[in-house]
Every structure is written in structure tokens, then in C-alpha cells.
Amino acid sequence: MSKAVRTRFAPSPTGYLHVGGIRTALFAWLLARQAGGQFVLRLEDTDQKREVEGAAQHISDSLRALGLDYDEGPDKPGDYAPYRQSERLDIYKKWAQKLLDSGRAYADPYGNEEVQKFREQAQKEKKAFLYRNFVSEEQRNDTAWNPKAYATGRGGVPLRFKSDPKAYAWHDEVMGEMSTGPEVVDDFVLIKSDGFPTYNFAHIVDDAEMRISHVIRGQEFLASVPNYLNLYEALKLERPILATMPPIMNEQGNKKLSKRDGAKDILDYLREGYLPEALISFIATLGWNDGTEQEIFTTKELIDKFDLDRVQKGGARFDQRRLLWANGHFIRQMELDELYELVSGQRGLKTGERRTESEEGQSFWPAEADEASEAYKKQVLGLVQERMKYFAELPELTRFFFTDLPVDMSLIKNHKKLKKFDTSELKDLLQRTENALETSDFSADDLQAKLNQLLEDTGHKPAVLLSLIRIATTWAPASPGLAETLAVLGKQKTFARLKTSVKALENS
RNA sequence: GGUCCCAUCGUCUAAUGGUUAGGACAUCAGGUUUUCAUCCUGAAAAUAGGGGUUCGAUUCCCCUUGGGAUCACCA
């Protein structure tokens with residue numbers, strides 16, 4: 001019988017989450033959900049210096065906003081609580097003692113400065129730095145590590161792992177068969193002088209204690225795996241299934257995507273009106289595909305189809321344009337009522353989940369739409385749905401439906417057809433338009449019929465007449481179809497704008 | 001420099017010995033009575049290089065080149 005699937009996402013609370021972290025979390029979550037297992041959030045806050053206030057909340061907000069719900073976590077205690085490493089110091093102490101008892105750990109005889117010198121020496125010799133080359137066997141047997149210094153933050157001496165260097169061959173669910181020689185196994189620090197464990201030690205202990213079945217993480221840890229394998233053996237722990245994710249590269253493709261490269265907070269995408277499901281689909285296909293020609297996946301499909309075997313080994317670049325396309329795709333698929341609620345901030349971006357503070361009640365409508373009725377806004381939204389790539393575009397797409405835009409003659413002067421006409425001719429055409437639409441009931445169908453008649457009567461091409469009317473009634477660089485737009489604007493606004501435009505042409 | 005990983009259109013990728021090397025994003029050109037977008041049609045666009053193995057290599061092996069990760073009391 002196979003072990004129950006329990007996966008974890010274990011970030012350190014040092015800031016926000018970007019697509020890289022989210023992808024790791026997503027894949028771990030998918031694995032748990034498809035197997036009916038559990039997904040655990042664990043905070044690796046063992047470096048007090050780097051901890052950022054509010055980061056923990058930010059992380060859980062981000063996961064929740066995307067629908068990556070966790071079964072156990074700092075704010076959702078389960079059988080293996082606590083889920084914050086800073087609250088698990090006793091557990092690491094217990095395991096450290098085991099290593100001391102079995103002679104597999106020792107008190108670090110050197111201070112920081114000395115180690116730094118060793119490192120420089122190794123670098124000068126163009127060799128990889130191996131700590132164990134600088135300690136004697138006698139030093140490595142010094143198990144008189146003072147546990148009293150533990151967690152006091154004062155006068156502590158680091159505890160080192162006494163490694164047993166050997167060659168390893170192991171299987172990685174993504175990378176396949178891996179192998180390394182003994183030269184990469186080293187005596188790393190288990191417990192720092194401040195009494196906190198290192199990641200290298202804490203995660204091994206926690207994954208075992210928490211019964212984690214699959215460890216999914218970025219390739220920055222790949223080189224350390226032999227050390228971990230050595231530690232598993234010393235601890236007599238069964239090792240979990242390992243899966244190494246390829247890096248997500250920046251847009252230039254020359255290094256791993258990072259905050260420095262402008263990798264955005266995933267919540268910023270939500271604030272700009274990207275849909276959680278579009279983000280999920282996009283991020284999942286950054287380094288994974290199901291082998292078919294399907295390009296867009298619902299989260300449900302991902303749970304069904306995701307497979308570590310099909311994760312790429314090489315890095316993939318983050319391509320903003322593809323995300324934009326995916327988001328537009330999801331927006332077009334959406335029911336108008338649902339889209340309206342999201343765009344109007346009537347519900348959080350993630351259905352059925354608690355909204356995060358930052359996005360609660362966020363409306364994307366332009367301020368000018370405040371007084372407009374829901375029915376009116378819905379009609380407007382229906383017209384721009386297929387051209388909106390993300391919600392933050394809504395104001396520029398719809399502002400003219402709610403307020404009169406200033407007359408901008410450059411729209412006519414720069415128009416390739418209209419610029420050839422005298423303003424008096426254009427003015428005349430607008431007046432004929434008024435006459436033609438006077439009897440319309442302002443339904444889109446009837447408007448279209450009247451406009452067709454006008455085209456016939458004036459003998460002008462659509463590119464001339466319809467362009468002119470479109471500009472004169474919106475003064476926007478772009479707008480939806482003319483008949484639909486006028487139908488939504490209504491007779492009153494349409495005529496008011498036509499008159500304004502006639503006057504403007506007279507005065508120009 | 002040591003160690004490990006990777007290498008198909010600009011980008012994300014399919015094809016795990018036999019295909020005119022497929023799809024999508026982006027780009028360009030046409031079409032859908034105006035604009036922007038959608039949608040449709042079409043175009044251009046790739047197996048890094050060199051050796052093997054094989055009747056036959058994108059695919060297997062080796063070398064070169066290129067790229068990435070790592071070599072912390074950070075994770």
C-alpha cells in the first residue's frame with residue numbers, strides 16, 4: 001500500500017510570493033488534491049534577521065486568493081502543529097541530541113572569521129569549499145556541544161553535522177536518475193549559534209515529523225540533496241519522494257526570476273484584475289503540459305491531469321504576453337453576471353473563499369461610473385467583455401459611457417479618411433445623422449438599420465461615415481461597435497454629443 | 001574552478017528511432033460594413049556544432065559550445 005500523499009509548501013516569511021513560489025506551491029497542492037491527501041503550509045522562519053513583518057499573513061492571503069487552500073498551517077493547526085519552525089525548537093533539539101549521541105554531530109571549533117578564511121583559501125585554489133577539509137578528526141569527534149547555549153541567542157556555538165561522505169544515486173521525480181560523488185557531501189551547520197536550526201536541518205526533521213510524502217522544491221536545493229541523503233541516513237529516516245522544479249527565468253532568460261528582476265507580488269496581479277484561474281493555468285503551463293495540444297486548463301482539469309513526469313527539466317521564461325492572453329481568454333469565457341460581480345467588487349476574486357483585505361470590495365469601474373445604474377453598467381460591460389485583457393483596463397475602455405470626453409480634433413485630423421474632408425462637410429454629415437436617428441427607437445437593431453439607410457443616402461463608405469459618428473459620439477480612440485454603443489448611450493446622450501461635436505466643428 | 005542539471009520556431013512546448021518536425025503566444029498579411037478587440041484564413045519562424053551507433057536519428061552515446069543552479073551560522 002502506498003503512503004498517504006502529504007505535500008507541503010514551506011516558504012520563509014521574508015516577503016511576498018511571486019510566480020516562482022506560487023508554482024512550487026501549486027504543484028504541491030495539485031499533487032495532494034489529486035490523491036485526496038493533505039497540503040501543508042509550514043513557515044520556515046529560522047532566520048530572525050530576514051523575517052519581514054506581515055509576510056506570513058501575506059503568504060497565506062496569496063495562497064487563499066488563488067484557491068490553494070491548505071489543510072494544515074500556522075493558522076490552521078493539525079496533528080503536527082506547530083507549523084512555524086521558530087515554535088519547534090524543542091523538536092530540533094531532540095533530534096540534534098540523537099545525532100550527538102550517535103557521534104554524528106559536533107561542536108563547531110571555528111568562528112565565522114576563520115571559516116571565511118578557509119572559504120577564501122578554497123576559492124584561491126579554485127576548489128569547491130568543503131568545511132570538512134579544515135577540521136581534524138579529533139575536532140569532528142567533539143560532542144561536548146553545550147545545549148545550554150541553545151536558543152539563548154548568546155554565546156552559542158554552532159552544531160555541525162559529521163558527514164559520512166559517499167557517492168549517491170537517487171531518483172528525482174522530475175530530473176530522473178541523479179548521481180554524485182562523495183566530494184559534494186560536507187559537514188554543514190545543523191544549529192546556528194543563535195540556537196535556531198538551519199534550513200538544511202529543520203526541513204529534514206519537519207518533513208519526517210509531519211509525514212510529508214513528497215518534497216517539491218526549486219532547483220537551488222538540488223546541489224544539497226546528497227547532504228540531505230547523508231543526514232537521512234544518520235537520522236535513520238526514510239526519505240520522502242523528491243521532486244525538483246526547474247527555475248522560472250526572467251523575461252530576458254538569463255537568470256532565475258527574482259524580485260530584483262521585477263517579479264511581481266502575485267497579489268498585485270489580482271489587484272490589477274487578473275483572474276486566479278487564469279494565473280493558475282498560466283503558471284501551471286510554465287514548465288508543465290499534458291502532452292496534448294491543450295493550452296488552457298481549468299484548475300479542476302489540472303487536478304485531474306497534473307503529473308510530475310511531465311514537468312520540464314529546463315527553465316522556462318516568464319512571458320507576460322502569454323499571461324495576458326490567458327487572462328483575456330478566461331474573461332471572455334465568463335458569464336456576464338459573474339464578471340460584473342468581480343469587476344464591481346461585489347465579491348472576492350476567489351469564489352467561495354475569504355477575500356484578502358487588500359482586494360475586498362475593489363471596484364474597477366472608473367470614478368465617473370459611480371452614479372450609473374447596475375443595469376447600465378452591465379450593458380457596458382457586455383460590450384467590452386471581449387476586449388478587456390485585465391480588469392484595470394476597464395476605465396479606459398468604458399469612461400466615455402459615463403462622462404463626456406473632451407472633444408479631441410486630432411482624432412479626426414489623424415484619421416486616414418476623415419482628414420481629407422472639410423470640417424463643414426463633416427458638420428453637415430453629423431446633422432444628417434441627427435435627422436436620420438431622430439425617429440429611431442435606439443435599439444441596436446434599429447440603429448443599425450437607420451445607419452445603413454444613411455450610408456446609402458449619403459453615398460459614403462462606412463470607413464468615413466461610421467468613423468465620423470463613432471468619434472463624434474465618443475471622442476475615444478476606440479470603442480465597441482457603433483450601433484451597440486449608441487444603443488447603450490441612449491438617445492439623449494447621443495444627441496447631446498452630436499450637437500457638441502457639430503459646434504466644435506463649426507469653431508475649428 | 002569543482003559538482004549537478006539543461007539545450008526543438010523570438011517565447012511556452014509536442015513528437016522518447018521512421019512526421020512535409022505539430023500546437024499555442026507574439027509578429028506580419030487578408031477577411032468579418034468604422035476604430036480597438038474578438039473571431040476566421042493565411043504567412044514567416046526551430047531540432048546549437050561536430051563525431052559516432054543504426055537501413056534510418058530531434059530522439060541513443062561521446063566531445064565541443066552555450067545556458068542555469070550550487071559551493072553560507074540564507075532559505
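Everything numeric in this text was worked out from a predicted model, so none of it was measured. Residue numbers begin at 1 in each chain, while the letters A, B, ... track the order of the sequences.
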* Please state whether the base of C36(B) and the side chain of Arg387(A) form at least one donor-acceptor pair under 3.5 Å? => yes
* To do: Run the salt-bridge test on Lys420(A) and Glu425(A) with the 4.0 Å N-O cut-off and return the result as yes or no.
  => no
* Give a yes-or-no answer on whether the side chains of Glu484(A) and Gln379(A) include a donor-acceptor pair shorter than 3.5 Å. => no
* To do: Could you tell me whether Asp108(A) and Arg160(A) make a salt bridge, using a distance below 4.0 angstrom between a side-chain N and a carboxylate O?
  => yes
* Below 4.0 angstrom from OP1 or OP2 of A14(B), is there any side-chain N or O of Asn289(A)? -> yes
* To do: Identify whether any heavy atom of Ser479(A) sits under 4.0 Å from a base atom; if not, whether one sits that close to sugar-phosphate; answer base, sugar-phosphate or nothing.
  => base
* Tell me whether the OP1 or OP2 atom of U70(B) has a side-chain N or O from Lys256(A) closer than 4.0 Å. => no
* For Lys461(A), which contact category applies under a 4.0 Å heavy-atom criterion: base, sugar-phosphate, or nothing? -> nothing
* Asked: For Gly287(A), which contact category applies under a 4.0 Å heavy-atom criterion: base, sugar-phosphate, or nothing?
  -> sugar-phosphate
* **Donor on one side chain, acceptor on other, Tyr168(A) and Asn230(A), under 3.5 Å** => yes
* For Arg310(A) and A14(B), is the shortest distance between a side-chain N/O and OP1 or OP2 below 4.0 Å? -> yes
* Respond yes when some side-chain nitrogen or oxygen of Arg317(A) is under 4.0 Å from OP1 or OP2 of G68(B), and no when none is. => no
* To do: Mark yes or no for a side-chain to base donor-acceptor pair under 3.5 Å between Arg322(A) and A24(B), with no hydrogen or angle criteria applied.
  => yes
* Asked: Counting any heavy atom closer than 4.0 Å, what does Gln312(A) reach on the DNA or RNA strands: base, sugar-phosphate only, or nothing?
  -> sugar-phosphate
* Asked: At under 4.0 Å between heavy atoms, what does Pro226(A) touch on the DNA or RNA strands: base, sugar-phosphate, or nothing?
  -> nothing
* NA contact type, Ser179(A), heavy-atom cut-off 4.0 Å: base, sugar-phosphate, or nothing? -> sugar-phosphate
* Would you mind classifying the nucleic acid contact of Thr244(A) as base, sugar-phosphate or nothing, using non-hydrogen atoms under 4.0 angstrom? => nothing
